[in-house]
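For the single chain, residues carry numbers from 1 onward in sequence order.
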Amino acid sequence: MVENLFTIQIKYYLRKNFHFQTQPKVEALQSTHSKPSYSAITQNPRALFPSLLCCSGRKPPLQPSPPSLTVVQEKASRLSSLPPINNYPFRNLGSLLSLSTCGSVFSLPSSFTMAVEKLFKDEATEEKGERARMASFIGAMAIADLVKTTLGPKGMDKILQSTGRGRSVTVTNDGATILKSLHIDNPAAKVLVDISKVQDDEVGDGTTSVVVLAGELLREAEKLVNAKIHPMTIISGYRVAAECARNALLEKVVDNKQDAEKFKSDLMKIAMTTLSSKILSQDKEHFAKLAVDAVMRLKGSTNLEAIQIIKKPGGSLKDSFLDEGFILDKKIGIGQPKRIENAKILVANTAMDTDKVKIYGARVRVDSMSKVAEIEGAEKEKMREKVQKIIAHGINCFVNRQLIYNFPEELFADAGVLAIEHADFDGIERLALVTGGEIASTFDNPESVKLGQCKLIEEIMIGEDKLIHFSGCEMGQACTVVLRGASSHVLDEAERSLHDALCVLSQTVNDSRVLFGGGWPEMVMAKAVDELARKTPGKKSHAIEAFSRALLAIPTIIADNAGLDSAELVSQLRAEHHEEGSAAGIDVISGSVGDMAELGISEAFKVKQAVLLSATEAAEMILRVDEIITCAPRRREDRM
């Protein structure tokens, strides 16, 4: 046993950094029959060779004589031809060390250690085993701790300040917005940032919950790994627990799609629950109604392009309203008609400035001013032809993405055509969509161009600004939400909050299954997973039990963020849920356990399912890691 231990230690040090030359024997630091300590080896391994020989059964002579030159040369040649230590045929340390003379230690060839040390480039780093796993756990838990204070109706906001030009400031409590604004170096933390982005794209809400749940799963997994339970056993337990939790939710879902009134009531409750943790929570009834009306106009479509959100500073959030039709944030030009009924609209992306010679560096030399007048006349004639082609489409409204110069604008005004210039690309794409037209760039074949149509175009005022309103659009589901607010920061956060609600509602229209909120789903899942853990034999039951504890962390954090006694509330909830059919959850307004059915707190099943499955898969991916390799940065080649 002793020999094997010292063999391992000597192999380690030989690999690392033994490049020493032939030298006289140093006196042993320990007595002939004592065992060397680990610290002694690390401080002066060369001096301990004699005592290591002692452990393998060979006692060094009390008064060693210096070796002759021929003996030294012979031993050195034998040592230099040694194969790598992993393939060495000798079975113990004594036989390896017996090759050296009793009075000298010889240097080993550099190839002896190069194979191990030079696998990666100089600046590459490698972490293995426990260190790699610990780095992953710490990074993921740090990200979860960063956003968990934003969870729930009483969650706090974060200020994100840019380091770039202008040092822009964002105030938000949206998990996905916070995480995608961070520059993160830890690879495991990046996995959680990615699942938050996917959650935002997929269902719109639950971006904080998914990160917090994944972080809690890894926190529990760390305890199990420290208790010597293999990561694959933990992963297996987590998979079984996730499936059990999902089935528990499926048994409790409510689907009211067949009853239009009840379904609209469900949508209102979901919208108010989603908005209750956002900046719009004070006016959640007003904005929930806006969001539900806008989504019901889509008639089952999840394409939110038809819903336009315009932000106008001024007034209060309560002054926000939903307008049927489409509003374009542009002004009608001077001399243009201010109102057009039964409009035929050509949406275009074409150059309407004076046609110049568009060749880089081109110059035109003339010998008189009359020639300049001829060139200008030719340019005007060319533009007049283009305008005539556009008017020939039989339109009374022309919307262009690019500038329209004074001359073509004058020609349009003479023809009684409303010309709108410089409409941003998002604006004209959405306008083409809602009016049923297509974006054109050539006008030689009028029959191939699809025109947009609407009943009325007029100029309206919102606050101090003039805008163009298109009503009676061909695409009936088109609508515009106009947000008013005290500042641009408030409006940006209000837009993010409303967008989350619109996403959740549009997904719920397709998948109409609904659950109670307020920590109720987590308690239902935790109860089912706990029962499964009691029935499961072996170490896997510890992982299933840990999954249950991680689920309970969500209502605990919701209560903590509201300044409530989380331990008391969660224990009361657990007791309530032992009764079948309980609808108990955390009522953060009253600070007690409340009935979620009476309070009208509901959540979409699709959101909860996405949170559960995404968090479990992310935790499983991070648990599988046992090595982190950071590549050396690429150097710019010196071309000189």
May I ask you to say whether [X] pairs ionically with [Y], meaning some side-chain N is under 4.0 Å from a carboxylate O?
X: R219; Y: E216; answer: yes
X: K148; Y: D145; answer: yes
X: R133; Y: D626; answer: no
X: K608; Y: E522; answer: yes

> What heavy-atom pair brings V625 and S136 nearest, and what distance separates the two atoms?
Replying inline: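 Shortest heavy-atom separation between V625 and S136 comes out as CG1-OG, 3.9 Å.
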Would you kindly say whether [X] and [Y] are connected by a side-chain donor-acceptor distance under 3.5 Å?
X: E568; Y: Q572; result: yes
X: D323; Y: T480; result: no
X: K158; Y: T149; result: yes
X: S592; Y: S590; result: yes

Are [X] and [Y] packed together at the side-chain level, in the sense that at least one heavy-atom pair is separated by less than 4.5 angstrom?
X: I279; Y: V490; result: yes
X: D587; Y: V593; result: no
X: L218; Y: I622; result: yes
X: H469; Y: I457; result: no

Under 3.5 Å: donor-acceptor pair, side chain of [X], backbone of [Y]:
X: N561; Y: L151; answer: yes
X: Y238; Y: T233; answer: no
X: N173; Y: S277; answer: yes
X: D201; Y: V198; answer: no
X: D200; Y: S196; answer: no
X: K330; Y: H422; answer: yes
X: S614; Y: V611; answer: no
X: S276; Y: T273; answer: yes
X: D329; Y: L467; answer: no
X: T508; Y: V504; answer: yes

[X] [atom1]: over 12 foreign heavy atoms closer than 6.0 Å:
X: M156; atom1: CE; result: no
X: D185; atom1: CG; result: no
X: E324; atom1: CD; result: no
X: Q282; atom1: CD; result: no
X: H577; atom1: NE2; result: yes

>> Working note: E493 + R496, criterion salt bridge (charged side-chain N to carboxylate O under 4.0 Å, His left out); need CA distance, chi angles, decisive distance, verdict.
In response: CA-CA 5 Å; E493 180 64 359; R496 282 189 289 269; 3.0 Å; yes
Ignoring hydrogens and angles, write down the donor-acceptor pairs under 3.5 Å from the side chains of residues 283-295, residues two or more places apart or on other chains.
unit_1: H286; atom_1: NE2; unit_2: S320; atom_2: O; d: 2.9
unit_1: K289; atom_1: NZ; unit_2: D293; atom_2: OD2; d: 3.3

> What is the distance from atom NZ of K535 to atom CG of D530, rounded to the nearest 0.5 Å?
Replying inline: 11.5 Å
>> So, taking the atom named CG in L160 and the one named OG1 in T170, what distance separates them when rounded to the nearest 0.5 Å?
In response: 5.5 Å
> Only one of I420, I439, T435, I468 clears side chain to side chain contact (heavy atoms under 4.5 Å, CB included) with V399; which?
Replying inline: I420
Let me check something: any side-chain donor-acceptor pairs from residues 244-258 under 3.5 Å, sequence neighbours excluded? List them with distances.
unit_1: R246; atom_1: NE; unit_2: Q609; atom_2: OE1; d: 2.7
unit_1: R246; atom_1: NH2; unit_2: Q609; atom_2: OE1; d: 3.1
unit_1: N247; atom_1: ND2; unit_2: E243; atom_2: O; d: 3.2
unit_1: K252; atom_1: NZ; unit_2: E580; atom_2: OE2; d: 3.4
unit_1: D255; atom_1: OD1; unit_2: K257; atom_2: N; d: 3.1
unit_1: D255; atom_1: OD1; unit_2: S512; atom_2: OG; d: 2.6
unit_1: D255; atom_1: OD2; unit_2: S512; atom_2: OG; d: 3.3
unit_1: N256; atom_1: ND2; unit_2: D266; atom_2: OD2; d: 2.8
unit_1: K257; atom_1: NZ; unit_2: V509; atom_2: O; d: 2.8

